[in-house]
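Below you'll find the structure, written out as C-alpha cells, and then a few comments.
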Amino acid sequence: MPEGHLLHRLARDQQELVGEELSASSPQGRFAYGAAELDRRSLLGVEAYGKHLHHRFAGERSVHVHLGMQGKWLRLLSTPPRPQVRLRLATLAVAWDLIAPSACTLIDDAGWSELVGRLGPDPLRAGADAGRAYEALTASTGTVGAAVVDQTVIAGVGNVLRAEGLFLAGIHPSRPASSIDRPSFDRLWRVLTGLMRQSVEDGRILSAPLPAGTRATARESEARMVYKQAECRACGTAVEVFTLAGRTAYACPACQPG
C-alpha cells in the first residue's frame, strides 16, 4: 500500500494543476457524477494527510482519494485515458489519471475535517503534535509495531516505514507500546519524520547509507536495512521475519534488542 510520503509527493507534484480550470471526467464511469460536479471548476488546492489526498475546487466542491492497495495516479501528456481510469483531471497541457483507488468520493470541508480528526498526527504536516502521538501510542494495549501502523496513532506510516523506522530507532516491533518512554518515542518520531521527508524527495523509501550520487539509481532491495532482507545491513545478523498486526514484520535481534 502506498505510504504517506507518496501522498505528500503527489500533493506536491499536482500543484501544477492548482489555479487551473480543469476538465474532469470518469472514463470508467464509476465516478461520473462526481466528475461532472468538478468539471470546468478551478482547482484551489491539493493537500495530503497521512494516506489521504484532498483536492479542493471552487464552488465548495472537493474530492477525497485513498489509494488503498492498488491505487495510483499517472501523469500523462496528450495521451487518451485508459478505460479503467476512475478520474481524470486535465488541463490543455497535462492530465493526471487515477486508477484503482479504494476511495474516490466527493467531500465537503466539514467531511475532510472530520476525516482528519479521526487520524493521528502526520509527521509530514507542519505543526504535527508528537505529544499527541506519544499519548496514543503508549495507551495502546498491543505492540509498538502494531501501534505505529495504526492510522489513529501516527498517520502515514505503513509496513516499510514501520520496519525501517523502528530499526533506525533501535526499537523492536514486538515491544509493548506502553513500555516506550518519551525519549525513545522522540527518537522514533525524529527518525520517521526524517525518513518520510527524504522519501518524498526520492519517491521511495531508501534507509541504508548510500554513496554520494547513487540515490537515484540505487536498487530498493539494496537500500533498506531490514525490510525484506535476509541479513541486517548494519551487523549481518539474520533478520527476524514474523507476522504482526496482519502484516509481515522485520527486525534485527542485535540492533533492536527490545
Side-chain angles (χ1 to χ4, degrees), residues 1-6 50-51 119-124 128-202 204-211 214-215 218-258:
M1 177 184 292
E3 302 189 36
H5 69 285
L6 179 59
K51 299 180 180 182
L119 300 173
D122 178 345
L124 289 176
D129 187 350
R132 181 163 70 90
Y134 174 66
E135 291 177 1
L137 183 139
T138 53
S140 299
T141 58
T143 65
V144 64
V148 296
V149 293
D150 181 341
Q151 299 303 293
T152 67
V153 176
I154 303 175
V157 176
N159 208 33
V160 183
L161 286 170
R162 170 175 77 173
E164 299 300 291
L166 287 172
F167 172 83
L168 294 173
I171 300 172
H172 198 281
S174 63
R175 182 173 167 181
S178 60
S179 72
I180 304 297
D181 60 24
R182 186 59 191 261
S184 297
F185 176 82
D186 288 343
R187 182 171 67 251
L188 174 61
W189 183 265
R190 288 193 300 270
V191 163
L192 287 173
T193 301
L195 184 56
M196 292 172 78
R197 285 177 178 165
Q198 184 62 55
S199 298
V200 172
E201 299 304 316
D202 293 334
R204 53 194 182 143
I205 301 167
L206 307 176
S207 56
L210 296 170
T214 65
R215 297 194 71 85
R219 296 173 59 185
E220 289 183 357
S221 60
E222 298 173 355
R224 291 170 177 169
M225 302 302 290
V226 292
Y227 182 79
K228 292 189 176 180
Q229 303 297 312
E231 298 178 348
C232 171
R233 289 194 173 273
C235 71
T237 300
V239 169
E240 296 176 319
V241 182
F242 53 100
T243 301
L244 186 61
R247 303 292 301 278
T248 303
Y250 305 85
C252 172
C255 296
Q256 299 165 266

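It should be emphasised that the depicted structure is a prediction, and the values quoted were computed from it without experimental measurement.
Considering only residues two or more places apart in sequence or on other chains, E201 meets the side-chain contact (heavy atoms from CB on, under 4.5 Å) condition with R12, Q198. Legend: residues meeting side chain to side chain donor-acceptor pair (under 3.5 Å) with R233, ordered by chain and number and at least two apart, are Q229. Annotation: side chain to side chain donor-acceptor pair (under 3.5 Å) contacts of E220 (sequence neighbours excluded): R224.
Salt-bridge annotation for D186 and R190: absent, with no side-chain N of the basic residue lying under 4.0 Å from a carboxylate O of the acidic one. Between E135 and R132, none of the side-chain N atoms (NZ, or NE/NH1/NH2) sits under 4.0 Å from a carboxylate O, so this pair counts as no salt bridge.
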Show, in sequence, the C-alpha distance, side-chain angles and deciding distance for V200 and L124, and conclude whether the side chain to side chain contact (heavy atoms under 4.5 Å, CB included) test is met.
CA-CA 9 Å; V200 172; L124 289 176; 3.9 Å; yes

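A donor-acceptor pair under 3.5 Å links the side-chain atoms of Q151 to the main chain of V157, judged by distance alone. In this structure, S184 contributes its side chain and I180 its backbone to no donor-acceptor pair below 3.5 Å.
Contact record, G165 with L195: N-CD2, 4.2 Å, taken as the closest heavy-atom pair. Closest of all the heavy-atom pairs between D122 and M196 is OD1-CE, 4.4 Å. For S140 against V153, the heavy-atom pair with the smallest separation is OG-CG2, 4.3 Å. Pairing each heavy atom of R204 with each of H5, the nearest pair is CA-NE2, 4.0 Å. Nearest approach of A155 to P123, heavy atoms of both residues: O-CD, 3.5 Å. Nearest heavy-atom pair across R175 and D181 is NH2-N, 4.5 Å.
To the nearest 0.5 Å, the span separating CD on E222 from CG on L206 amounts to 11.5 Å. A distance of 6.0 Å separates CG of L161 from OG of S199, quoted to the nearest 0.5 Å. Atom CD1 in I205 sits 8.5 Å away from atom OH in Y227 (nearest 0.5 Å). The line from CZ of F167 to SG of C252 is 6.0 Å long, rounded to the nearest 0.5 Å.
The stretch residues 134-166 participates, sequence neighbours left out, in these ring-ring contact (aromatic ring centres under 6.0 Å, His included) pairs: Y134-F185. Sorted by first and then second residue, the side-chain hydrogen bond (donor to acceptor under 3.5 Å, both in side chains) pairs with a member in residues 158-168 read N159-R162, E164-S207; sequence neighbours excluded. Listed by first and then second residue, the side-chain hydrogen bond (donor to acceptor under 3.5 Å, both in side chains) pairs that reach into residues 235-258 are H172-E240, sequence neighbours excluded.
Annotation: side chain of L166 is in contact with side chain of L188 (closest heavy-atom distance under 4.5 Å).
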